[in-house]
Amino acid sequence: QAQLVESGGGLVQPGGSLRLSCAASRIIFTVYTMGWYRQTPGKQRELVASITESATTNLADSVKGRFTISRDNAKRTVYLQMNNLKPDDTAVYYCNARYNYANYWGQGTQVTVSS
């Protein structure tokens, strides 16, 4: 019954910024590793960024220096700040929560980077 709800996607020009949010409910949020994945047609879903319960972060090489992942345990929310967006960042972005064998996904939010 875990629920992850993403928001903040949309259409943006190259070089622009967006901040994605993922609000979690019905899980013990503090113990979960949270992540953002993205997927485009014809490609496998790939990890963009993750953040552990201790706030250790990991970023894909393709977004390092441009994206930042953070979490606010009080708000039960994980964020993905995306700066200097590129057309290759266009994808459906999915929020993920994982703890041991528990693995939950949000519905996804579309990010389109186009001029």
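All residue numbers in this chain count up from 1 along the given sequence.
Within a 6.0 Å sphere centred on CG of D88, heavy atoms belonging to other residues, nucleotides or ligands number 12 at most. Open room surrounds CD1 on I28; 12 or fewer heavy atoms of other groups in view lie less than 6.0 Å from it. The 12-atom threshold is not exceeded at CZ of R98, counting heavy atoms of other residues, nucleotides or ligands nearer than 6.0 Å.
Looking at heavy atoms from C-beta onward, S17 lies out of side-chain contact with M82 at the 4.5 angstrom threshold. In this structure the side chain of W36 reaches within 4.5 angstrom of the side chain of L20, judged on heavy atoms.
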Side chain to side chain contact (heavy atoms under 4.5 Å, CB included) between R45 and R38, intermediate numbers included:
CA-CA 6 Å; R45 191 170 298 184; R38 66 187 181 188; over 6 Å; no
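Between K86 and D89 there is no salt bridge, since no side-chain N of the basic residue sits under 4.0 Å from a carboxylate O of the acidic one.
Without hydrogens or angle criteria, T109 side chain to Y93 main chain gives no donor-acceptor distance under 3.5 Å. Side-chain N or O atoms of Q81 include none that pairs as donor or acceptor with a backbone N or O of T68 at under 3.5 Å. Between the side chain of E6 and the main chain of C22, no donor-acceptor pair closer than 3.5 Å is present. The main-chain N or O of R76 is never found under 3.5 Å from a side-chain atom of N73 such that the two would form a donor-acceptor pair.
Side chains of T112 and S114: a donor-acceptor N/O pair is absent below 3.5 angstrom, by distance only. Inspection of the D72 and T77 side chains reveals no N or O donor paired with an N or O acceptor under 3.5 Å.
Side-chain rings of Y94 and Y37 stay apart, their centers remaining 6.0 Å or farther from each other.
Closest non-hydrogen pair, A49 versus L59, comes out as CB-CD2, 3.3 Å.
Relative to the ring axis of F29, R71 places its NZ or CZ within 45° and under 6.0 Å from the centre.
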